[in-house]
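Below is one structure, written out as structure tokens, with a few remarks after it.
A, B, ... follow the sequence lines: proteins, then strands. Residue 1 opens every chain. Only this structure's heavy atoms are used, side chains among them; waters, hydrogens and symmetry mates stay out.
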Protein chains: 2
Amino acid sequence: MTQTPRIPGRVPAAPPTLADVAERAGVSRQTVSNAVNNPELLRPDTLERVQRAISELGYLPNRAARNLRTRASHLIGLRINPVPEGTANATMDRFVHSLVETSSEAGYHVLLFPGDPLDPLSGYDDLLRATAVDAFVVTDTYLGNPQATWLEKRRAPFVAFGRPWDKPDAAHAWVDVDGAAGCDLATTHLLDKGHHRIAWIGWRKDSWIGEDRRSGWYRAMKSRGLSTTGLASRVEDTVHSGRSASAVLLDEAQPSAFVCASDTLAMGVLQTLAERGLAPGRDIAVVGFDDSQVAQVVHPGLTSVRQPLEQVAVEVVTALRGLLGHPPSPPRQVMLTPTLALRGSS
Amino acid sequence: MTQTPRIPGRVPAAPPTLADVAERAGVSRQTVSNAVNNPELLRPDTLERVQRAISELGYLPNRAARNLRTRASHLIGLRINPVPEGTANATMDRFVHSLVETSSEAGYHVLLFPGDPLDPLSGYDDLLRATAVDAFVVTDTYLGNPQATWLEKRRAPFVAFGRPWDKPDAAHAWVDVDGAAGCDLATTHLLDKGHHRIAWIGWRKDSWIGEDRRSGWYRAMKSRGLSTTGLASRVEDTVHSGRSASAVLLDEAQPSAFVCASDTLAMGVLQTLAERGLAPGRDIAVVGFDDSQVAQVVHPGLTSVRQPLEQVAVEVVTALRGLLGHPPSPPRQVMLTPTLALRGSS
DNA sequence: TTGAAAGCGCTAACAG
DNA sequence: CTGTTAGCGCTTTCAA
């Protein structure tokens, strides 16, 4: 096959190859490859000549060819699941932004793939067998994580965002945010404001994350010797549930403040307050979890526990580099602490 | 190099190749390739034999090798930009979900890459020159779209989500949502409810999208012979701007309803109402734009214009398949109509 | 320090 | 209908 001639002033149909650069620089293809991957091997003047040819031609190594040869795609697979309508939660989307940003600095791109919500494993296998990605970032660990077990068995490199709830001593790499610490922070904040009867609205008992967050509220209350009896409620993660749970709690336990496992639930609390003519922050304090857009724009602002997702992304990428390095470093397990975004509701 | 033996019951370190399948099925490599890509060329019994070998081995063609050979990556590049804090807007994130879902049905994966917010072109060039993606989906067309012009010049296949505002007769493929129709819908809804003085809070005049949406409000008002004098305001897209703009309008023009260019602005209106003890939906009606999570969970629910992003994704992928087809079909230009999500605020 | 040869896994073109 | 041959663009030995 003859090479398409490069007509000056016209964008070539096919991008330049190593051979094009080599010809222009008057060296062999391997020398160009070295100039790109091991520049220190070249004599300064040769390097200079090759680099000029590279930039004149606008050469960039063909990804497919490089991938084939190096058996690496520099792609990180991330499965994204549908976001339920009617909730405030957008943690994953925020995380995706951070991950794309951070991994790009490490030379990786993020490949998104959809998964069947009913099958936590779906999607991974094909990508793995086709060697389409170098590693995965696993996020949906809310119900144990079969993915981790499965990927480990397949010897596929991966980092989980979310600790292995079902087996705390699992050896794989993970990064998580300490939800208990976050709720402790939120509760302590309210205690310091003078509240004594602080109610908890969380998720159902089968949610590890929910129980973890709840434990933060519980321990903060206990550390001040306060009773929690009758002050806790476990419901579905919907605005409606938050609304009715808070109504019941208000009637039966007279709390002066609420800590919620999510902003979605907290929005339900705000609804109850609105219905009863109570002012959030003045009459009753409310704290949510996730620092969603909703928390940021609702009146008068919803105080909320904020996960340091940018930091999570950094740790995830660091762990990934470790796993993918030569030699691979041992799996990192990192726990980060959230902060509290203070707003009008407290 | 010797092939790693496949020990039964143990996951092989390297995925099986075409050669492995061929050996097992007792055919040549090419026949296996045909079985995968042109099954109709094989005799039924051979096909059966090959397919059994494929599934026994769990074979899937190596992506890099296939990409190299076919000069296609089956990857679609999508640049994602940072989401400003403190706004309600998450249209792009919702779109990403739909795009991933839809393009996967068409055999494509979505590759995310970050861009320098100050340079609308950054990120595209490298991916293109490295032939890392087959096509782009361009989204941030809010200020004209230099990307489109640039990509066209490079002969890079792409579909824009967002019409070419700066040159309406541009020939490239695009899909957009009719913002004017959306605001017309919203305004007409309010008119039908008996409102006559309907105010507009939109973006500054240099936003094409903003002016388009505004025109929908304007034409709906005019179609009923109503005056719009003093009823419109153009501000920044922040909650605070929406709050102050609505306060001024309320004082000076006594509207009974607001149509806003975004949910962010609408949240500002809700704040003003809350401050003045006015009930949204009962005293003053409010309609936002984008049907954000905020609109869904805020009390008493914010009526909002909803972009059919799932449909946008379908059209985008259809356009993409057209561009990438053999032969390529002419660029599609599709305009979709939004709907109105009715809630308590109206 | 530079160049020649080999081959990653696949598919397009052709021969049998 | 099946097999043989060649080569996509790159990097990795190894020799000069």
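Between A/Q147 and A/P120, the shortest heavy-atom contact is CG-O, 3.3 Å. Of all non-hydrogen atoms in A/P308 and A/L336, the two that sit nearest each other are CG-CB, 4.1 Å.
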So if I define the base as every atom that isn't primed, P, OP1 or OP2, how would nucleotides 10-16 of chain C read as a B/S/- string at a heavy-atom cutoff under 4.0 Å?
BBBB---
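Note on A/R129 versus A/D125: salt bridge recorded, some NZ/NE/NH1/NH2 to OD/OE distance being below 4.0 Å.
If you measure from atom CD of B/E23 to atom P of D/dG3, you get 14 Å, rounded to the nearest angstrom. The nearest whole Å value for the distance from the CD atom in B/E40 to the P atom in D/dT2 is 13 Å. For B/R129 and D/dG9, the CZ to P distance is 16 Å, given to the nearest whole Å. Computed from coordinates, the B/D20 CG to C/dG9 C1' distance equals 11 Å when rounded to whole Å. Whole-Å rounding puts the A/R49 CZ to C/dT1 P distance at 15 Å.
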Which side-chain N or O atoms in residues 94-102 of chain A pair as donor and acceptor under 3.5 Å with protein atoms at least two apart or in another chain?
unit_1	atom_1	unit_2	atom_2	d
A/R94	NH1	A/D290	O	3.4
A/R94	NH2	A/Q307	O	3.4
A/H97	ND1	A/D93	O	3.0
A/H97	NE2	B/N81	O	3.2
A/T102	OG1	A/S98	O	2.7

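Remark on the helix from C/dT1-D/dA16 to C/dG16-D/dC1: inter-end axis angle 40°, axes from five-pair C1' superpositions, rounded to 10°.
Among the atoms of the strands shown, only primed sugar atoms or phosphate atoms (P, OP1, OP2) are found under 4.0 Å from some heavy atom of A/L42.
Other residues, nucleotides and ligands place no more than 12 heavy atoms under 6.0 Å from the CZ atom of A/R321.
The aromatic ring centroids of B/Y124 and B/F158 lie 6.0 Å or more from each other.
Checking the phosphate oxygens (OP1, OP2) of D/dT2, no side-chain nitrogen or oxygen of B/T31 falls inside 4.0 Å.
Between the side chains of A/N62 and B/R71, no donor-acceptor pair is found at a separation under 3.5 Å.
In this structure, B/R79 contributes its side chain and B/D116 its backbone to a donor-acceptor pair below 3.5 Å.
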